[in-house]
Amino acid sequence: MKFMLGDLPVLFPYDRLYPEQYSYMADLKTTLDAGGHCVLEMPSGTGKTVSLLSLIVSYMQFYPTKRKLIYCSRTVPEIEKALAELKRLMEYRAEMGANDGEFRGLGLTSRRNLCLHPEVSKEKKGKIIDSRCRDLTSAFACEKGRANPGSVPLCSFHEELNNYETGNLIPPGIYTLDDVKKYGQEKGVCPYFTIRRMLPFLDVVIYSFHYLLDPKVAEQVSAEMSKESIVVFDEAHNIDNVCIESLSIDLTRPMLDSAARSVNKISDKIEEIKQTDSTKLEDEYKKLVEGLQEANEYREDEDMLVSPVLSKDMLDEAVPGNIRKAEHFIAFLKRFIEYLKTRMRVLHVVAETPVSFLAHLKEITYIERRPLKFAAERLTSLVRTLELTNIDEHYSLQLVASFGTLVATYEKGFLLILEPYETEHATVPNPIFHFTCLDPSLAIAPVFERFSSVVITSGTISPLDMYPKILQFQPVTEQSYPMTLARNAFLPMVITRGSDQVPISSRFEVRNDPAVVRNFGSILIEMARTVPDGVVAFFPSYLYMESIVSAWYDMGILSEVWKHKLLFVETPDAMETSIALRNYREACNNGRGAVLLSVARGKVSEGIDFDHNYGRAVIMFGIPYQYTESRILKARLEFLRDNHRIRENDYLTFDAMRHAAQCVGRVLRGKTDWGLMVFADKRFARTDKRSKLPKWINSYITEAHSNLSTDVAISLAKKFIRQISQPFDHNQTGISLWTLEDIEARQLQDKEELERADKEIQRAVGAGGARGGVDADMDVDNMMEDYGDGIDEAELAAMDIPMELS
Amino acid sequence: MAGEPSDVRRFDASFKKVPGTLSVTPTHIAWVPTERDAMDRQNQAMSRAINMLASKAGSAKVSLVIKFKDDIPAGGLHFQFTNPTTKDDDRKTVQDILIPFVSANKLGAPAASTPATPADIPAPTPSTSAAAAVMSANAKGKRKAEDASPGTNPGVGSPSVPPAVRASRKRTNLLRTKVLEKNPTLMMLHRELVLGKQITEEEFWYGREALIQAEEMAYAQKPGRPSRLLDDRFDLDAGRKGKTTGGTGVGIKTADNGPIVLKLSKELTREIFEEFPVVQDAYAKYVPGISETEFWSRYFTSQLWERHRASVRKSANDEVSRKKDDIFDQYLEEPDWNLQPRQNLPDRDGVERFLDLAATEEDHGESITVRDVTMQAGRERSALPLIRRFNDHSKKLLRAADAGRDQSALSDSLYGSGIDIYNEIDYEDLRGPAQPATITLDVQDAGALADSAGDKEGPAGILPGKTDDELVEIAAASAKTVHNWHPDFSTVCLPNPGAGRPDADGKVEVTPAYKAFVEQRDAQAAAFYVVKDLHRRSNAENAVLPAFPDNVYEQMRSCHNAATEFLRQYWSAIMPTQQGALGLAGGASAKEAKAVKMAAYLKNTKPKVEAIVQTAQILGFDPERVRKAMAPTMGAVNVALEREAKRVGKAT
C-alpha cells in the first residue's frame, strides 16, 4: 500500500498495516526530520523491521539528500532476514513503479561465512580463515604474486575482482548473504571483498553491532560511512553489553605463554631480516617518525591487526622513540609480558584502576604510559614490515598489545580485576586478568557523535529511560507502543507454585531443591501434554540447565516428556545446536511436536524466532538474573550506582526482565499467531519485577493470572487453547489492522485535533501565534520548490497516480 | 485364484504310492484312491493347511507335501502327481489354490510358522544360533519373511508365471483373506456368492479396492520406535528398593534377595544393537565363541554398559566392583563431553542461514572476554553426553517417523535452498483482503434457483397487500380483544341442570339446557372412545412382534445380502468406470456381459423371496411380515430390473 506521512509518500509492501506500525513510522519520520536519536520499543512480532525499512527507504529515496542507511542487527540469522525483508521491499517498490535506479543493499559478515576459496573455506576456525585469507590477499602477497606469478599463492577469487570496475563490483540491487555467495560462485569472485569494497557505494548496509561499535573493526569497516547516514540498532536491548564487551579484554596464562613465544619468533624474524634486507626496517623507522598515518597505508586487508582504540589525533602523532626500533619494541613487549606473568602469580583477588596499574607497571618495569598506548599500532606496523604470514599464531600477542593500549588509553570507566581461581571452590589456580569496561557509553560515543540520526529499537527495551542514561545520549523521541489486539492472542501466566503448593523459584538457595526441580519438571510435562507443536523452555543459565536436565532424567521426567514430544537441548557447540534446531522445527512441522530446552542470554535466545507452530508455548524457568557473585558485575553495578544513580537491584531486575521478555517475545509473529507465555518463578508475582517487563506484555498479565499453581495454570492453558483454536471471524480491520482508509481517517483526525489546538493557541497567544503560522507556511513553500528539481520526474508521476485515484 | 472359476478340480496323484485322484474344492482337499479300499480316503479342510513343501522343479518325481495344523495327520500328506503330461502344471495349480489358505493359516499359527520359515534375509551377524536368526526375522518384521520372495518355499517357483506376479497374487490373496476375517458379514457374503459360484472372486472384489487398500496400509504399518530411551526402559537399578529411578525395568525380573534376572527379548536385543552399534560389533565378533548368555551378562556388568547408560548418576556397583572385561573394555572410549561434539558436523552451510548460530559466533569474532561461570556452556561435563544422546535420540525418532519419505532430503548435509526465506519473514495477516474470500457453493442450476428466489420477492412485509394503517388497526383490534377477554368457564363445562320434572304425560320435558348438557356429555364420551382407540392402536403398532424364526431370518438375510451384492455389481457395471479406479479387464464388453449376468441374478430375487414366504407359511409365520421386510430390497431390485429392461430394449 502507499500512503502519505506528511509530505512523504511511503510504500509499504503489504495491503494492511498494524496501527503500531503506523505510529512507529510516524515517530521515526519525526526523528529523522528533526535529526536526532530515538529509542523506540515496539512489541515483538508486529513487523518492526519491515516498517523501519520501508519508511527509511521511502525517506531516502524521496528527499534529495540521499542519506544512507546503516542497519545493525545482532545475529547473522537476523541480518539475513533483514536483507530478505529489504529485498522484498525493493521488489515491491519496483512493482509499484518507484524508480530506485541504482539502489544497492548488501550485508557484511565475517570471511568464514563468505569464503569460497576451496581450501581456506574448509578451515573450522574463523581466526584461521582470516589469517590464511590475509596470506593470500594482502598487499605484499599480491604484489609479489603478480610480479612473479606462482611465487606466492594467491586467491583466484580475490584476483578476479581486479577485472571489475571500482564501485561496480556487483550489479545494483539487494543481495542477501547467500545471494552474494551464489553470485561469487557464478562469477568466480570473492564475496567478502566484493562487499568490503562496495561499502562506500551502498545505499543500505546491514551488519552486526560489532562492525560499528567495536573499535577494532569499526575503524576498518565503517570509517568511510557518511556522517549523514541513518544508523539503526535493531534488537538493541543488549547493546550496552555489546559495547562493554568490545572494549574488554581477558588474559589468561596460556595466552601470555603463547604471546611470549610469538615475541621470540618475531625477534628471530627481525634478526633474519636484518641480515638480508635491513633497508626495510630503516624505512619503517622513518615512517614511524612521521606518524602512524603514513605507516599504515594498506588497511583493507589488515582488519585483524587493528588497535582497539584509535582517535584521530593519535594517528598524526609520532610513535615514541623508545619503541620505534623493532628490537627495542620486542624488548618492550617481552618486559610487558613478563610483568603480566608475574602479576598472575598472585593468589588473591586484586581489583585496581588503570591508573594504579600503570603506576605499578612503571615502578617495576619502567614502561611509560605513552609507548604502551602505541603498542597495538606499533605491532601492526611491525607485522606488516616483516611480512609475516599465519598471523593467527600471533593472536595472543595482539591481544596483549591491545590490552596495553587500552590500559594506557582509558583512565575512567575501566577496572582491572585479577581472579586467580575460576570459582569460589576451585583449588587449582587458573588466573584470569580481566580488563573490563564498565561504561558502555565509551564504545558507542563515537557513533552518537558522528551520525546525526541513531535509532535504537527493540521489542523489549523497557524502561525506556534506562538506555539514554547508561549510553549517555539525548533522544529526541522515546516511545513504547502498546499492542493492539482484536483478541487476546497470547496468554501470559505467572506460575508461582507447583500443584503441591511448594513455591518455585530459581533462587540460588532453592533451585536445586528436589521439590522445586520436580515442580519445574511437572510444568514441562504438563505443557508438553497440553500444548500442540512446539514448546520452548528457557533456563536462567547453562549451568542450571545442564544440572537440571540430568536431574530430570533421573527423576523420569524426561521420559514422561518423551511420551508427548521430542526433546532437543541446546549444546555448547553452535553447529550442533543449529542442527538440533532444524530437527526441532521439522518435528514441529510434521506434527510430532517437540520441546526445546535452551538458555536465556544463550545462543538460541538471540536471533531465532519461534513463531506460529514453532512455539506455541514458551516457559521461562526462573528469572534470568546474572551471576551476582561475578566481580565484574559487582564492579559494574557500583559504577552504575556512582555515576548514574541506578540502584543495584533495579539494574539487576531490569537486566533479567529484558532477557525474560526477549525470550517470551520470540513466540509471536503477526496478530493471528498465538502462544502461551509461562513465567515460572514465584518472584514474577511481585509487581516490582513485572513492572520492568515491556508494557505490551505486562498489560496483558491480569492480577488473576499472576499467582497461579501449576494445575490451575494448565487448566487455564487448556481453556485458552480451545478458545484460540476456534475460527476467528471477528473483523480485525480498523482495530488491530488498518487499511489505507483507516490511515487516512486517523490522519484526518490528527489534523483536526492539531487545528483545534492551533486555534486554541492562537486564541490564547493572539497575534504572535499567527505570525509564527505564516512563517511555517513559507518554509513549506521553499521546501516544495527545492524538491521540484531534486526528484526524478518519472518517479513523481508514478507516485502520484495512486493518490489521485484514491 | 483371481479371475479363475473356482470349481472342484481333480488331479491324478498318488498317495503313499497308491494311485488315486486328488480333488481340490474351495474348502477341502481330498484324495480318493482309484481302487476302492486300497487306501483310506484322505479329506482335510483347507483352513487347516499351514505349509506346503514341493520337490525341486525338474526332478523326476513331482511331489507335494501339505502340512496341517497341529501336525495332524503326522508328517502331513505327501502326494505325488502322476499324470505324465500335466503333472507339473497340476502341482502348480494345487499350490496356487492352497497358497492363500496356507498363508492365512500361518498367521493364525505363528508358533508353527517360525521354524518353518527360514529367514531369507541375511542375518546381521554370522551367528548360527537360532535366536539370532529369529531375531533378524523379527527385525525385518515377520511378515516380510512370508511375503518376501518365492525363495521362501524353494522349488515352488514355476517357469510359466513370473515370480513377481506370483508374489503379488499371493499378497492380494492374503490381504483379501484378512479383510474377510475382519468382516464376518463380508465373509458370509463371500462364502455364499463366490464359493457358491455365483460370481467370481474378481467380481466380488471389484469396487472393494478401498477395503483392500486400507488393509494393506494397516498391514504395512510397523510399530514405531519407542520414544523412551532404551536404557531408561531397561534399567538395572529398577528393582532396587528405596531408590528413585526413572527406569521401568522392562525385561527385568528380580527374585527377592536373589540375583537380578534379565529377560532379554529379541526386540530388546535388536534395540540395543540399533542404539549401540559397538555392541553388535562385539556380538558379531565373539558370540559364536562365547555363549549368548555369557555375552549379555558380561555386557550388563561391563563398564561399557555403564557408559552407555544415559545417566550421570553413579550406579552402586561402579568402577571398583566392575570387573575388567577384555571384550567390552576395548570398546570403551572417552565420553563425548567436550565442547565440540565427536560426531562430525557439516562445517558450513549445514543449515539454513536463518538458523545458523555458528555464523553468528564467527561474525562476532572469538570472544575475548570470558563469560561468568554460570553462563559457560558445557561446564557440567557429565551432562553433555546425556544432552547429546537426547538430541540424537530425538533425531532418530524423527527420522523413524519420516522413514517413508525421501531420505535424501533429510540428510544432515546441505539442506538445499529449497526453504524460502520470504516465508520466514512474511506477515500473512497483513496481506489483504483481511476477510477470507467467500467460498461459492457449487450448486447445480444456480440460475434457476436464483430465479425462483426472485419470484418470491414482490410482495414483502408482514401481511402482504395491507397498508401500514390497516396493520396498525388490526393490531389495535387484537390488542383490544385480548385486553377485554374474560374467561367464562360456565360455557365450557356445563353443569347438569337435571332432566327436568316429568310432566303429566310422564314425559320428561327436555329443557334446552339439558339438551345442551347431553350433547356435551355424548361428545365427551365419543371423544374418549376415539382417543382410547387411537391409543390402543398405536400401542399395537409399537408392540413387540414375535421374532422371525431363525431359519427364515437367515434366509432373508442371505437373500438380502446377495441381492445387495448383485445390485452393487450391476450398478458398477452400468455406471461409467470411476476415474482412477481399476476397471474390469476387457472394458465395455466385459461390463456388458457382467450387467446381463447380474440382471439375470437379480431376476431370481423375486422367486427367492417367494420361496422364503412359502417357508414362512409352512412354519406358520405371518408371510406378510416377510414380504414387508423384503419390500425395500425388492423395490431396489425392481428399479434395477426396470432400468435393465429399458437398457436392453434400447440396445436392441
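We name chains A, B, ... by the order of the sequence lines, and we start the count at 1 in each one. Side chains included, hydrogens not; waters and symmetry mates left out as well; all remaining heavy atoms used.
- For the set A/Arg592, A/Lys603, A/Glu85, the count of heavy-atom pairs under 4.5 angstrom toward chain B peaks at A/Glu85.
- At least one side-chain heavy atom of B/Leu355 sits under 4.5 Å from a side-chain heavy atom of B/Glu352.
- Contact of A/Ser630 with chain B is made through the side chain alone, with heavy-atom distances under 4.5 Å.
- Other residues, nucleotides and ligands contribute over 12 non-hydrogen atoms within 6.0 Å of the OH atom of B/Tyr422.
- Taking the six-membered ring where the residue is Trp, A/Tyr207 and A/Tyr211 present parallel rings, their angle staying beneath 30° rather than reaching 60°.
- Among A/Arg74, A/Glu629, A/Lys565, A/Glu606, the residue with the largest count of heavy-atom pairs under 4.5 Å with chain B is A/Arg74.
- Chain B forms more heavy-atom pairs under 4.5 Å with one residue of A/Arg601, A/Met1, A/Glu576, A/Arg631 than with any other, namely A/Glu576.
- Interface remark: A/Lys87 contributes backbone and side-chain atoms alike to the contact with chain B (heavy atom separation under 4.5 Å).
- In terms of heavy-atom pairs under 4.5 Å with chain B, the best-connected choice from A/Ala82, A/Ala587, A/Ala594, A/Gly47 is A/Gly47.
- Aromatic ring centroids of A/Trp552 and A/Phe539 lie under 6.0 Å apart.
- For the pair A/Leu737 and A/Arg16, the tightest heavy-atom approach, listed with the atom from each and the gap, is CG-CB, 3.9 Å.
- Heavy atoms of A/Glu91 lying under 4.5 Å from chain B belong exclusively to its side chain.
- For a residue to count as touching a neighbouring chain, one of its non-hydrogen atoms must lie under 4.5 Å from one of that chain's; by this rule A/Leu17 touches chain B with the backbone only.
- Of the N and O atoms on the side chains of A/Asp179 and A/Thr176, at least one donor lies less than 3.5 Å from an acceptor on the other residue.
- Contacts between B/Asp392 and chain A at a heavy-atom distance below 4.5 Å are absent for every atom of the residue.
- Heavy atoms of A/Ala600 lying under 4.5 Å from chain B belong exclusively to its backbone.
- Side chains of A/Glu78 and A/Thr75: a donor on one and an acceptor on the other come within 3.5 Å.
- By the 4.0 Å N-to-carboxylate-O rule, A/Arg585 lies close enough to B/Glu424 to be salt-bridged with it.
- Interface remark: of the candidates B/Asn338, B/Val373, B/Asp426, B/Asp426 forms the most heavy-atom pairs closer than 4.5 Å to chain A.
- Per-residue heavy-atom pair counts under 4.5 Å with chain B were compared for A/Ala574, A/Pro572, A/Ala580, A/Ser110, and the maximum is reached by A/Pro572.
- Ranking A/His612, A/Gln626, A/Glu422, A/Met545 against chain B, the residue ahead of the rest is A/Glu422, based on heavy-atom pairs under 4.5 Å.
- Two rings, from A/Tyr553 and B/Phe390, have their centers less than 6.0 Å apart.
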